[in-house]
Amino acid sequence: MSQGTGREYEQLRISGLHAFYGESHILHGIDLVVNRGELVTLLGRNGAGRSTTLKAIMNMVGRRTGSIMINGEETMSCAPHHIARLGVGYCPEHRGIFSSLNVQENLTLPPVVRSGGMSLEEIYTMFPNLYERRFSQGTKLSGGEQQMLAMARILRTGANMLLLDEITEGLAPVIVEKLGDVLIALKEKGLTIVLVEQNFHFAAPLADRHYVVEHGQIMEEIRADELSAKQSVLNGYLGV
Amino acid sequence: EISDNMVKMGYLADMSGTYRDLAGPNGLKAMEMAIKDFGGSVKGAKIEVVSADDRNSPDVASSTVRRWVENDKVDMIGGMVASSVTIAATKILEENNKLGIVSGSAASSITNEHCTPNHIHYVYDTYALSIGTPTAIVQEGGKTWFILTADYAFGHAMEADVTRVVEANGGEVVGSIRHPFPTPDFSSFILQAQASGADVIALANAGADTTNAINTASEFGVTQGGQTLAALVLFLSDVHALGTDVAQGIQLTTGWYWDMNDETRAWSDRFMEATGARPTMVHAGIYSSTMQYLKAVEATNSDDSQTVRKYMMEHPINDMFAKNGVIREDGRMVHDMYLAEVKTPEESSGEWDLYNIVRTIPADEAFRPLSESKCKLVSM
Amino acid sequence: MILNGVLLVLLVLAPLVMYPVFLMKILCFALFAVAFNLLLGYTGLLSFGHAAFLATGGYTTGYLLSNVPWLTTELGILAGTLMATALGFGFALLSIRRQGIYFAMVTLALAQLVFFFFVQSSFTGGEDGMQGIPRGELFGLIDLNDNLNLYYFILAVFLGCYLLVQRTVGSPFGQVLNAIKQNEPRAISLGYNVNRYKILAFVISAALAGLAGSMKAVVFQLASLNDAHWHTSGEVILMTLVGGAGTLLGPVVGATFVVNVEYQLAQGPLRDWVDPILGGIFVLTVIAFRSGIVGEIQKFMRKNLS
Amino acid sequence: MSEQYVLETRNLVKEFKGFVAVDDVNLKIRQGDIHALIGPNGAGKTTVFNLLTKFLIPTRGRILFKGQDITAMKSAAIARKGVVRSFQISAVFPHMTALENIRIALQSFEGNSFSFWQSGNRLNKLNERAMELLDAVGLTRYANTTTVELAYGRKRALELATTLAMEPELLLLDEPTQGMGTEDVDRVVELVRKAAQGRTVLMVEHNLSVVSKLCDRITVLAQGAVLTEGDYETVSADPRVREVYMGTDASGERGAPAATTETEA
Amino acid sequence: MSMIFGVPVAVLSGQLLIGVINGAFYALLSLGLAVIFGLLKIINFAHGAMYMLGAMVTVIMFDAMGVNYWVALFLAPVLVGVFGMLIEYFLLRRIAGQDHIYSLLLTFGAALMIQGILTNIYGVSGLRYSIPDLFKGGVNLGFMFLPYYRAWVIAVALVVCFGTWFMIEKTKLGAYLRAGTEDAQLMQGFGINVPLLISLTYGFGVMLAAFAGVLAAPIYSVTPVMGSHILIVVFAVVVIGGMGSIGGAIITGVLMGVIEGLTKTFYPPASSAVIFLVMVVVLMFRPAGLFGKEA
Ligand SMILES: Nc1ncnc2c1ncn2[C@@H]1O[C@H](COP(=O)(O)OP(=O)(O)OP(=O)(O)O)[C@@H](O)[C@H]1O
Ligand SMILES: Nc1ncnc2c1ncn2[C@@H]1O[C@H](COP(=O)(O)OP(=O)(O)OP(=O)(O)O)[C@@H](O)[C@H]1O
Ligand SMILES: [Mg+2]
Ligand SMILES: [Mg+2]
């Protein structure tokens with residue numbers, strides 16, 4: 001999976017991205033490219049700015065400068081709802097389950113932005129817990145169940161680029177395993193995925209490429225096939 | 001001797017709240033009209049006016065009045081509507097020996113238990129209002145009465161006065177309801193009043209409460225049901241707001257009406273020119289009392305409160321507001337009051353053509369006799 | 001420190017140039033706002049019923065001073081404060097378990113019931129107000145009918161209370177209040193019985209508000225229903241926010257500002273426009289100076305110093 | 001009878017409108033153990049914690065702490081008795097610095113918390129101990145940073161340090177390593193090990209490597225009921241546990257899809 | 001005639017009916033307030049002013065252009081609603097996400113301005129407006145005289161209340177609204193134009209208040225201060241019902257109308273305080289109100 005073969009469609013290109021929360025300057029010039037059908041991860045230590053990068057793509061941080069192209073379209077001046085309508089699905093770090101809605105309402109809440117999303121039945125087969133609790137208030141779910149719901153919710157919308165922030169957080173190993181299968185299946189369907197993950201063992205076998213983020217900058221780009229060669233560099237960054 | 005070679009008057013009233021239309025900004029206009037008509041100066045001393053919104057708060061009134069008399073050399077204060085404001089203000093005037101002429105307040109306690117040698121109550125009071133209307137109605141055959149009373153001292157006083165008058169004339173009060181102040185919806189009370197079967201439903205309340213009650217009474221067909229409505233405190237501005245449609249036939253007592261004679265009409269034309277509205281009795285009272293005050297200052301060549309008050313007491317008032325009005329030792333200015341009836345839409349020739357004056361209530365009947373007074377100034 | 005010194009000197013000299021009764025009014029409202037801010041700014045509790053304490057203090061003091069001839073003024077004020085404290089304790093017991101806006105509304109409801117009580121009671125003088133309260137003598141010695149004497153007495157009480165609140169906010173107790181304000185469940189799990197802390201804070205606040213009311217009754221020689229009306233509860237919120245909630249000086253500045261603006265406008269050519277202008281000031285505060293006058297100055301200084 | 005058990009539950013049940021989240025659970029936590037509560041998502045682990053600390057009221061059953069019935073006690077009283085929890089979702093005082101966060105916890109032992117007339121400087125003596133705790137979780141650098149500004153993982157570390165400040169006899173940790181990088185996970189493991197000296201720990205954790213490294217005893221919950229109990233070897237060998245919880249990978253690292261195993265070796 | 005506590009049954013039934021009618025007003029007003037608080041977390045102290053504007057606009061439009069009641073019934077709420085949206089767009093939007101208390105201060109300030117300006121133009125005595133001809137008069141029910149207009153008020157208010165409840169609780173749009181208030185940013189991240197939704201919601205809540213104002217214009221004295229008295233009563237209703245509970249606001253509105261009506265019969269002086277007594281008692285036992293969900 002090499003770059004620049006030309007036939008590849010560039011779904012996301014970020015260049016020189018800076019982001020701020022009020023006074024504090026968090027991202028210091030991020031540059032990255034994701035092609036259609038690729039799964040890339042953002043790796044890094046706590047506080048490196050990975051979540052912020054995803055939020056910046058969604059225009060959910062205080063202030064941004066630089067350029068973010070989605071499907072070749074500049075989105076720096078777009079409101080978040082326009083960005084979502086370009087086919088971007090975002091699963092936030094803190095889940096964002098709505099307590100005023102029940103599980104099923106939470107699940108069907110995000111509007112469908114493109115055809116080809118999963119059906120409710122497919123989702124319930126994938127996460128039987130959710131089916132069982134479908135009429136409970138969203139926030140009454142257990143931590144892990146909420147995490148499943150947050151992920152499941154954007155699978156329905158048909159978004160073709162997913163920004164996933166720590167989706168294995170708090171999940172039992174069986175479920176994590178199942179999520180891995182889901183991501184593989186999504187990738188096969190041609191979806192583009194940007195994954196922020198702490199759980200490297202989960203991410204490593206799924207990803208085509210890894211970006212290492214530190215202090216709000218991309219420090220390293222590692223292709224899947226270089227992984228073993230660059231393991232020590234990576235360990236250095238991640239402090240393993 | 002006129003102090004500082006200047007006569008300084010203060011106008012204190014509710015400029016923005018519930019009582020705004022009673023005295024309010026137009027009352028200030030009336031005061032200024034009087035000064036202008038008087039010539040702008042007394043014996044070479046300039047006449048000046050300061051004014052303030054009392055915001056219906058005795059605190060505000062008290063700090064304003066204190067500053068006026070203690071710092072700003074104000075000699076006389078006029079206006080004053082809410083009773084708490086009036087009582088607070090007159091206490092301070094007494095302490096500082098300045099003069100107050102109260103035109104807006106209704107409470108008869110102002111010249112009774114709260115009387116001071118430093119103020120005059122000029123236009124009307126609850127005692128006077130509750131004499132005329134009940135007497136007339138009972139005499140016309142309205143024997144049984146039901147009273148809707150605003151649940152505060154003012155309402156209670158009115159209720160007691162009405163009861164006394166009704167009973168003295170051979171009528172009977174069959175029931176009463178004390179409603180909270182303010183009450184936005186009167187339907188429940190009107191219903192109870194209807195159910196009582198009384199001949200007359202009397203409203204011992206004021207302002208928006210009264211207009212709301214009258215509106216509701218009309219909606220629930222009180223008069224069609226054969227009952228009479230008697231509003232005890234109803235001003236021209238209220239009737240104007242209600243319209244003759246709703247208010248027709250209501251009897252009320254007033255101290256003055258703009259359309260009584262050529263003199264009143266001439267003055268109120270000028271007032272209307274300045275303000276866009278016809279004057280209430282309070283506006284007329286403010287004009288008249290300011291005039292009388294300035295005359296007294298001129299005559300005595302003094303702005304000392306006791307000198308001026310004494311002069312005013314000794315000289316009966318004869319102007320467009322009152323004929324043979326007399327200021328008594330308790331500070332009450334007694335003058336004729338009038339029983340009025342609201343015109344029907346057919347009778348009315350314009351938006352301000354609202355009353356027929358039915359009867360004159362002579363001054364000595366209209367006000368609480370000195371023999372019943374609790375005022376400390378009244379010598380037994 | 002220097003700032004505080006300058007302010008103190010100004011306060012001591014103020015009656016030489018300004019009208020003392022007006023200054024005392026400001027001090028009373030400032031104390032009222034300081035008391036309120038202890039709850040809003042430092043405990044995160046929005047009370048919408050503080051008028052009840054102001055009025056209770058005022059009526060109690062007024063009633064006693066008018067009817068108990070031997071009572072010296074400071075005892076009358078003390079009695080008013082105690083009465084408000086007791087009422088505050090009652091309010092606290094009934095309301096403290098409610099959260100957020102419900103807390104605000106329970107306090108409002110309780111205050112409305114207190115208002116109803118005052119309307120119905122004859123000793124308050126109803127809407128005429130309780131008038132002609134004697135100012136009396138301090139310790140039976142100093143004549144408080146003299147405006148300056150009274151001013152310095154009120155100033156001393158005010159400063160004492162201000163320092164007390166300052167101390168309270170920084171005290172170990174104040175730290176716990178701050179913790180409760182920020183994350184109540186967490187404070188509970190750290191072993192704090194948060195309700196007791198909130199109750200104590202509420203009672204202190206009610207006591208100081210009652211004290212403000214008692215002093216106000218002495219200054220104006222009257223107590224009226226306006227003090228108990230919910231508008232007064234609202235007004236103290238506004239004063240606090242305009243000055244800056246959660247800052248010590250904020251409520252003082254806010255009270256000074258609001259009382260002044262109201263007073264100056266009511267006198268001037270814009271006297272019919274007091275309400276809309278005040279309304280405009282509130283809107284402006286929220287839009288442009290959200291942290292209040294003092295809060296914004298602090299922010300500005302912090303920015304320019306770092 | 002049960003001297004060696006710090007904490008026992010007897011037939012503990014919690015129902016939510018007909019849904020049984022905790023179903024007749026009998027836990028026995030031995031003095032000095034690090035005891036893990038594991039199980040699939042929604043098994044009822046957090047609910048058990050909530051019952052133990054009275055954030056929820058049990059529908060039925062009893063809770064004994066050191067032989068004493070604490071079923072009827074309130075949250076704060078239980079915390080003062082020495083049963084302290086950390087939260088699954090990070091709970092800090094956002095507008096205090098990290099140091100102040102810890103100090104508030106330490107202060108609850110001081111007994112002067114109602115002294116509104118005392119100077120706040122009296123609390124400075126707590127700073128030293130607070131710094132030690134911050135150091136232990138690697139937050140020394142952030143002592144004076146306002147907590148809102150900390151990244152998520154650091155908030156979790158702070159939360160843990162605060163809990164430790166309570167010097168609990170029984171420490172309840174709900175997913176202490178959630179949201180942390182590998183580096184921090186290792187540090188937390190060390191920290192918990194250190195903290196566990198002289199006290200008992202009950203923890204919920206999905207990171208099996210942490211469980212295997214730390215825990216003396218493990219209770220597996222599934223659908224609100226106890227599935228099995230034992231040490232790591234016994235439990236991880238149980239096919240039922242593999243089926244409902246661990247999945248195909250029981251290597252001890254965090255759960256991961258089957259494909260991982262190759263890369264890992 | 002049979003009596004209950006010394007009150008004839010006929011009178012009592014009349015009082016109950018009156019209570020329900022007033023309750024319908026409360027329901028309409030508290031509904032708007034509940035929508036605004038529940039969905040936007042804005043404490044709308046301008047609600048009374050919006051109610052007043054509804055009535056004032058009706059009268060002013062009639063005086064100036066002869067716009068009749070039926071047209072005003074639609075036009076006035078729309079105008080006031082648009083005005084509300086402007087307030088939302090230019091003012092409230094800037095404090096989104098801030099503590100409740102700022103919205104309280106801001107809307108209170110706005111209400112003071114609106115009220116003050118109108119007071120200076122129109123005074124406080126009230127403007128004249130009469131009942132539309134269709135509803136003049138009434139029917140004698142035996143136990144009371146029921147003005148047609150009151151019957152109309154109750155019918156139309158209940159229809160509007162139910163419609164609103166249905167829209168918010170049972171439709172997708174309602175779900176967007178509820179979710180958008182919890183985490184607007186995330187909702188926007190899902191592709192929903194949340195700012196527009198918020199404007200519309202505020203406008204809608206205000207419209208309900210203005211609608212109540214139009215209904216009130218023929219029967220109550222129309223003045224710039226007519227909304228300020230009713231404001232905290234309506235707040236109390238919303239709190240008793242449970243802030244944010246749409247159904248709760250409606251049911252409680254009617255219930256409080258009845259309770260107030262009964263108090264007016266048995267102990268009139270307390271009728272303005274009774275709602276607060278009920279509130280204290282209710283919150284004692286149900287911390288989140290009758291129909292509120294506990295946090
Ligand atoms: N709302 C905020 N205000 C101020 N600073 C923030 C805010 N949110 C995050 N930060 C800061 O931004 C930096 C990057 O945070 P971010 O959440 O992107 O980190 P991350 O790489 O996702 O780490 P983690 O694994 O902890 O989630 C951190 O230093 C954090 O302190
Ligand atoms: N307050 C509540 N009301 C209704 N159901 C609830 C409530 N709290 C928890 N539940 C349900 O009880 C079950 C157990 O939840 P709990 O949070 O204890 O799970 P858990 O074992 O901690 O799971 P996880 O590992 O995902 O955190 C879940 O199915 C959840 O939906
Ligand atoms: Mg992150
Ligand atoms: Mg859990």
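Numbered from 1 within each chain, the chains take letters A, B, ... in sequence-line order. Since we're looking at a predicted model, the values are computed, not measured.
- Side-chain contact between C:Leu110 and E:Phe276 is absent, with no heavy atoms from C-beta onward closer than 4.5 Å.
- Using a 4.5 Å cut-off between heavy atoms, E:Gln98 touches chain C through its side chain atoms alone.
- Contact count versus chain E (heavy atoms, under 4.5 Å) is highest, among C:Leu113, C:Ile281, C:Leu94, C:Leu40, for C:Leu113.
- Taken from CZ in E:Phe37 to CD1 in C:Ile101, the straight-line distance is 5.0 Å, to the nearest 0.5 Å.
- With a threshold of 4.5 angstrom between heavy atoms, C:Gln120 approaches chain E through side-chain atoms but not through N, CA, C or O.
- Nearest heavy-atom pair across E:Leu283 and C:Arg98 is O-NH1, 2.5 Å.
- Residue with the most contacts toward chain C among E:Ile275, E:Val274, E:Val282, E:Leu91: E:Leu91 (heavy-atom pairs, distance under 4.5 Å).
- In this structure, the portion of C:Trp230 lying under 4.5 Å from any heavy atom of chain E is its side chain and not its backbone.
- Within the 4.5 angstrom heavy-atom criterion, atoms from both the backbone and the side chain of E:Ala273 approach chain C.
- Between C:Pro276 and E:Met113, the shortest heavy-atom distance links the atoms O-CG, 3.2 Å.
- Interface remark: E:Leu92 contributes no atoms to any contact with chain C (heavy atom separation under 4.5 Å).
- For E:Met279, the part lying under 4.5 angstrom from a heavy atom of chain C is the side chain only.
- In this structure, chain C has a heavy atom under 4.5 Å from the side chain of E:Leu104, while its backbone stays farther away.
- When heavy atoms are compared at a cutoff of 4.5 Å, C:Arg97 does not approach chain E at all.
- Ranking C:Ile287, C:Val242, C:Thr285, C:Ile277 against chain E, the residue ahead of the rest is C:Ile287, based on heavy-atom pairs under 4.5 Å.
- Between C:Leu108 and E:Val239, the closest side-chain pair of non-hydrogen atoms is not below 4.5 Å.
- Around atom CE of E:Met85, more than 12 heavy atoms belonging to other residues, nucleotides or ligands sit under 6.0 Å away.
- At a 4.5 Å heavy-atom cutoff, the contact between C:Leu46 and chain E is made by side-chain atoms alone.
- Of the listed residues (C:Ala245, C:Ala109, C:Gly234), the one with the most heavy-atom contacts under 4.5 Å to chain E is C:Ala109.
- In this structure, C:Leu238 and E:Leu105 have side chains that are in contact, with non-hydrogen atoms separated by less than 4.5 Å.
- Between the CZ atom in E:Phe108 and the CD atom in C:Glu235 there is a gap of 8.0 Å [rounded to 0.5 Å].
- Only the side chain of C:Phe116 comes within contact range of chain E, with at least one heavy atom under 4.5 Å from a heavy atom of that chain.
- Between chain C and the options E:Ile95, E:Ile101, E:Asp99, the largest number of non-hydrogen pairs under 4.5 Å is found for E:Ile101.
- Residue E:Ala270 touches chain C through both its backbone and its side chain, counting heavy-atom pairs closer than 4.5 Å.
- If you measure heavy-atom distances from E:Thr107 to chain C, you find no contacts under 4.5 Å at all.
- Only the side chain of C:Phe48 comes within less than 4.5 Å of a heavy atom in chain E; its backbone stays farther off.
- Both the backbone and the side chain of E:Tyr102 have a heavy atom closer than 4.5 Å to some heavy atom of chain C.
- Contact of C:Leu284 with chain E is not made at all, since no heavy-atom distance falls under 4.5 Å.
- Here the side chain of C:Asp272 pairs no donor or acceptor atom with the backbone of E:Asn120 at under 3.5 angstrom.
- Open room surrounds CZ on C:Phe300; 12 or fewer heavy atoms of other groups in view lie less than 6.0 Å from it.
- In plain terms, the two heavy atoms of E:Leu112 and C:Asp275 that are nearest each other are CB-O, 3.7 Å.
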